[in-house]
Amino acid sequence: MEQEALMKGQGRVNQLGGVFINGRPLPNHIRLKIVELAAQGVRPCVISRQLRVSHGCVSKILQRYQETGSIRPGVIGGSKPRVATPDVEGRIEEYKRENPGVFSWEIRDRLLKVGPLHEGVCERSTVPSVSSISRVLRSSRPSSDQQARSGSDGEEVSVDGEVDGVTRGVGGSAILDVDGMGHEREGKTTTPTKVTIHIFFH
DNA sequence: ATCGTTACGGTTGAA
DNA sequence: GGTTCAACCGTAACG
């Protein structure tokens with residue numbers, strides 16, 4: 001593909017008379033030469049002129065070599081693995097908009113194809129974990145002070161065991177009402193009551 | 001004269 | 001087969 005670019009006349013000439021392809025890494029033999037010359041004690045400015053490569057590029061390749069020991073360029077392109085597809089992420093945010101107080105595990109149930117609602121889009125094997133869902137929610141609503149306040153109020157956490165005397169399923173969740181103000185949920189405002197909860201951080 | 005840094009215009013490739 | 005988009009590219013220019 002590199003050869004093709006040159007064939008198609010994509011090769012350009014820099015100020016020093018050197019040939020390069022815009023947006024593409026320098027070929028390996030030149031990168032190697034840069035490192036070899038530097039190892040022989042040749043100064044970067046001389047390498048730049050001799051190989052007709054911009055000094056900024058010589059600097060970058062030499063610095064990367066010192067840091068990583070590799071001649072190679074960085075990994076170009078691709079995308080990071082997604083925990084949830086954009087479709088599913090959109091659905092999660094939609095549920096949250098409909099009902100801001102909804103628990104992540106409730107969203108998870110609703111996403112599931114099987115179950116009472118039969119409206120989900122996920123198989124059991126592809127449904128995001130509860131913590132993934134709450135992370136999606138956190139990052140989809142990065143309202144300026146959200147990060148600074150993280151953990152101080154209304155943060156959703158995983159809960160095992162009993163909540164308010166009612167045994168919840170393993171992996172359930174609860175809203176920590178740290179400020180004692182209560183929270184809107186299904187039209188009602190929950191008022192802080194004396195509860196004992198056992199929280200296990202995984 | 002040298003070299004660290006970065007805006008710019010560009011390409012790539014997994015999702 | 002096409003689109004999205006955050007990763008990386010080298011050059012040119014500034015300090």
Side-chain angles (χ1 to χ4, degrees), chain A residues 1-98 104-105 107-115 119-148 150:
Chain A
M1 217 167 184
E2 212 100 303
Q3 294 285 338
E4 264 184 55
L6 264 152
M7 299 296 206
K8 285 194 289 187
Q10 299 302 299
R12 301 188 186 202
V13 180
N14 64 24
Q15 289 175 336
L16 301 171
V19 176
F20 71 100
I21 299 167
N22 200 8
R24 299 265 54 207
L26 242 32
N28 224 276
H29 69 273
I30 293 180
R31 312 179 78 89
L32 186 59
K33 199 82 199 204
I34 290 170
V35 172
E36 281 175 354
L37 289 173
Q40 294 171 40
V42 182
R43 297 172 64 195
C45 61
V46 176
I47 296 174
S48 172
R49 285 193 294 262
Q50 192 165 314
L51 298 180
R52 301 170 184 270
V53 172
S54 67
H55 87 260
C57 184
V58 170
S59 174
K60 182 174 169 180
I61 288 173
L62 253 22
Q63 185 178 33
R64 190 196 293 277
Y65 181 67
Q66 280 183 217
E67 286 172 359
T68 70
S70 171
I71 301 300
R72 291 217 22 171
V75 178
I76 301 171
S79 57
K80 289 185 170 178
R82 283 182 157 277
V83 286
T85 65
D87 182 39
V88 171
E89 284 190 2
R91 195 67 79 91
I92 290 170
E93 287 158 24
E94 184 188 327
Y95 294 163
K96 189 70 174 184
R97 275 198 309 276
E98 287 174 8
S104 288
W105 65 265
I107 293 176
R108 188 174 188 272
D109 279 356
R110 217 175 145 184
L111 287 170
L112 235 30
K113 268 188 174 141
V114 293
E119 64 174 309
V121 291
C122 293
E123 305 294 342
R124 245 193 317 285
S125 61
T126 63
V127 69
S129 65
V130 174
S131 63
S132 287
I133 290 170
S134 55
R135 193 183 52 74
V136 167
L137 259 17
R138 247 196 317 279
S139 61
S140 73
R141 181 178 34 109
S143 58
S144 58
D145 63 340
Q146 190 64 31
Q147 279 192 323
S150 178

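Numbered from 1 within each chain, the chains take letters A, B, ... in sequence-line order. Because only heavy atoms are used, hydrogens play no part in the values below, and waters and symmetry mates are left out as well, while side chains stay in.
Listed nucleotides B/dT11, C/dA12, B/dG10 differ in distance to A/Arg12; the shortest reach to its side chain belongs to B/dG10.
At the phosphate of C/dG10, neither OP1 nor OP2 sits under 4.0 Å from any side-chain N or O atom of A/Arg64. Close to B/dA14, at under 4.0 Å from its OP1 or OP2, lies no side-chain N or O of A/Ser79. Dashed line: the shortest gap from a side-chain N or O of A/Arg31 to OP1 or OP2 of C/dG10 is under 4.0 Å. At the phosphate of B/dC3, neither OP1 nor OP2 sits under 4.0 Å from any side-chain N or O atom of A/Gln63. Considering only side-chain N and O atoms, A/Lys80 lies nowhere under 4.0 angstrom from the phosphate OP1 or OP2 of C/dA6.
For C/dG10, the paired base is B/dC8 (Watson-Crick or G-U wobble, both distances below 3.5 Å). Pairing for C/dG1 is absent, judged as Watson-Crick or G-U wobble with the two contacts each under 3.5 Å.
Within 4.0 Å (heavy atoms only), A/Val58 reaches no atom of the nucleic acid at all. At the heavy-atom level, A/Asn14 lies under 4.0 Å from the strands shown only through sugar-phosphate atoms. Counting non-hydrogen atoms under 4.0 angstrom, A/Gly56 reaches a base of the nucleic acid. Contacts of A/Arg72 with the nucleic acid, taken as non-hydrogen atoms under 4.0 Å apart, are absent. When heavy atoms are screened at a 4.0 angstrom cut-off, A/Cys45 is found touching the sugar-phosphate backbone but no base atom.
For the pair A/Val13 and A/Arg52, the minimum side-chain heavy-atom distance is 4.5 Å or more. Side-chain contact between A/Leu26 and A/Ile61 is present, with heavy atoms from C-beta onward closer than 4.5 Å. Considering only heavy atoms from C-beta on, A/Leu111 comes within 4.5 Å of A/Ile133 through its side chain.
For residues 64-80 of chain A, there are no side-chain hydrogen bond (donor to acceptor under 3.5 Å, both in side chains) pairs, not counting sequence neighbours.
For A/Asn14 (side chain) and A/Val53 (main-chain N/O), no donor-acceptor pair under 3.5 Å exists by modelled atom type.
When the C1' atom of C/dG10 is taken as reference, atom CD1 of A/Ile34 falls 11 Å away, rounded to whole Å. A/Asn22 places its CG atom 8 Å from the C1' atom of B/dT11, with the value rounded to the nearest Å.
Put simply, A/His55 does not rest on the base of B/dT2: the two rings are not both less than 5.5 Å apart at their centres and under 30° in tilt.
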